[in-house]
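Notes for the one structure printed next.
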Amino acid sequence: MTRATHPETAEMQAIIDRHLGMEGPLLPMFHALQAEYGYVPAAALPLLADTLNLTVAEVHGVKSFYHDFRDHPAGRHILKICRAEACQAMGANDMSARVLERLGIDWHGTTPDGDVTVEPVYCLGLCACGPAAMVDGRVVGRANSDRLLAEVGA
Amino acid sequence: MKIYISMDSAAKALGADQVAAGMAAEIAARGLHAEIIRTGSRGMIWLEPLVEIDRGQGREAFGPVSPADVAALLAGTMAGHGPTETIPFLAKQTRLTFARCGVTDPLSLDDYTAHGGLLGLRRALGLSRAEIVAEVTASGLRGRGGAGFPTGIKWNTVLGAQADQKYIVCNADEGDSGTFADRMIMEGDPFCLIEGMVIAGLGVGATKGYVYLRSEYPDAIAVMNAAVDIAREAGVLGADVLGAGQAFDMEIRVGAGAYVCGEETSLLNSLEGKRGVVRAKPPLPALEGFMGKPTVVNNVISLATVPVVFEKGAAHYAAFGLGRSKGTIPIQIAGNVAHGGLFETAFGMPLGVLIDEIAGGTATGRPVKAVQIGGPLGAYFPRSKFDTPFGYEEFDGQGGLIGHAGIVVFDDTADMLGMARFAMEFCAIESCGKCTPCRIGAVRGVETIDRIAQGDGAAVAVLTDLCETMKDGSLCALGGFTPFPVMSALTHFPDDFATRKEAAE
Ligand SMILES: Cc1cc2nc3c(=O)[nH]c(=O)nc-3n(C[C@H](O)[C@H](O)[C@H](O)COP(=O)(O)O)c2cc1C
Ligand code: SF4
Ligand code: FES
């Protein structure tokens, strides 16, 4: 699992520098930072800007364009539930409504105890075995609300 | 005894890893001589986890298998489906692009070459650039990412461009609901995509390739990265491809959850580390693409079909199909469907045959109400359009599109007003923000559909107008084609819009 500790400047810079030889390195840098900390720390933006000769506003603009990059830590478990059409055809709307209700949160929300974050995802390529979900990176097909809640320990 | 179990993520999502672990434990406990080989998926998702056992007479299929079935399966007392190849869903297919998928170990280069792999590349290495491009043109291959543009013509533009560096960019963003062909081939036969990209590089004079792979596919990312390393180690990639004196290397890059980044110019911006905003064309990516250099942008299936075109010849490929839709198309049948999965066939099969006969109707057993073809920007077809043959022009003629060839089936409980609303909502969430009709129009679209739902009949005209504006005033197909699912739902399923009105009155 990722760790959401207080990030050290030198450590973040080292992560950034690992990608310096690449063409178009910014997304790989964001991914690497998020893989390490669970989110992209705000303190990393000026480092990225300096390294890549961009303004902080530009770096922020790129980060905020993409649904994947978080600016604060997620819950201990990340539950992504597919909201797209093929899963809707198999009852995904009712299923996700039940999950969110039981957890007492809305999409993108995290339970007050910090255990679970629920995020929408638009297709996991599991459209012939929907409704589909992903729990901490593991795929789940023919999901139901009880199974998903059990997977995240709720 | 050899035992084959898929490592495809759909199989895993249904428990294939647990079945494989159970098999390994049972084999050890009984002291059996058996080898477990993890393959890609055969594409019969309703049978996953599928286990194939070869006791010396070919592979026999069993599935879906649960960990509880393992003992019976190894004891030979579990009922199966007979020889895998005779299962009608497989027997009725023409597998060219997916010939190896589900058969071989995805990360064994030896297995790959034993099943025809690298024959196409070896042939291409003996041809000139112009001959390579001419072969692709002659095959009639058209882009499988959605637009159906002839691949050979695109390659020819890049071939003719003068530059110190050219690129091959593989579009593996596969964001359309109901599609998973790209994922399946990347997880199940990754060397096939790599081989196709190398041939593309040789053909147009590009030495560097990128696969832009969506982050929603962690399994495919892992398999592709491993395959690239193996291919480089074996000299399929690198400074001297197969010792023939030409260079080509490639990298896997991970997307970040933006649907619009499947649009090729947005993808290129994203790959360059920018916001994934759509670029105006011209300039064409073929002339000014990645880093401003001439770039081939092709879908995974377009590129993964190139090896078989070279292995069997353009004429062989072009002999399949219907009209200007040549060759085969891996159709993905999904949603509320009895036999969902991947069905590769020559173009031309009527939609209704695919749904009623091949896929066996709905999973719930209720009547089919609507099918959406071609992802979230594709139209909803009612049963009355089920005789439409699967082909680019044929679908276009019916007000639809085949897109990346995904079919999503809905039973009679589907709420088409809800689906129209979702299409607008999705467009609003995923809009890159460049055009007002898309960015703002989609938000208004959701509101307008909510008004219809509340019984405001006059809002139907507003919605129709709004769709016209979005069609005319959008730079790319996200804003431009969202009216397809919306208007087709409204046109073909008026009751779903009207009953609400009456209920409110
Ligand atoms: C909103 C939008 C999303 C798209 N998504 C994809 C995608 O996920 N995969 C893809 O191959 N093409 C996608 N396309 C089509 C690409 O722009 C482009 O036509 C394609 O990558 C060209 O490759 P091809 O000729 O091999 O099909 C999308 C287009 C639009 C407008
Ligand atoms: S139609 Fe929408 S997604 Fe496409 S360029 Fe315009 S704003 Fe961006
Ligand atoms: S639509 Fe849900 S996995 Fe594809």
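Lettering of chains follows the sequences in order, A, B, ..., and the numbering in each one begins at 1. From a predicted model like this one, the values you see are computed outputs, not experimental measurements.
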[X] versus chain A, heavy atoms under 4.5 Å apart: side chain, backbone, both or neither?
X	value
B:Lys12	both
B:Glu425	side chain
B:Ser270	both
B:Ile407	neither
B:Ser9	both
B:Glu272	backbone

Flag for B:Ser215-A:Tyr66: side-chain donor and acceptor within less than 3.5 Å: no

Anything under 3.5 Å between a donor and an acceptor, one on a side chain of residues 253-262 of chain B, the other on a protein residue two or more places apart or in another chain? List them.
from	atom 1	to	atom 2	distance (Å)
B:Arg253	NE	B:Glu251	OE1	3.1
B:Arg253	NH1	A:Glu23	O	2.9
B:Arg253	NH1	A:Gly24	O	3.1
B:Arg253	NH2	A:Glu23	O	2.8
B:Arg253	NH2	B:Glu251	OE1	3.1
B:Tyr259	OH	B:Asp176	OD1	2.7

In terms of heavy-atom proximity below 4.5 Å to chain B, should [X] be classed as side chain, backbone, both, or neither?
X	value
A:Arg83	both
A:Tyr122	both
A:Met29	neither

Flag side-chain contact, heavy atom, 4.5 Å: [X] against [Y]:
X	Y	result
B:Pro218	A:Met134	yes
B:Phe426	A:Glu85	no
A:Cys127	B:Val408	no
A:Phe65	B:Val277	yes

Under 3.5 Å donor-acceptor, B:Arg183 side chain and A:Gly125 backbone: yes

Whether B:Ser177 side chain and A:Ala84 backbone form a donor-acceptor pair below 3.5 Å: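 No.
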
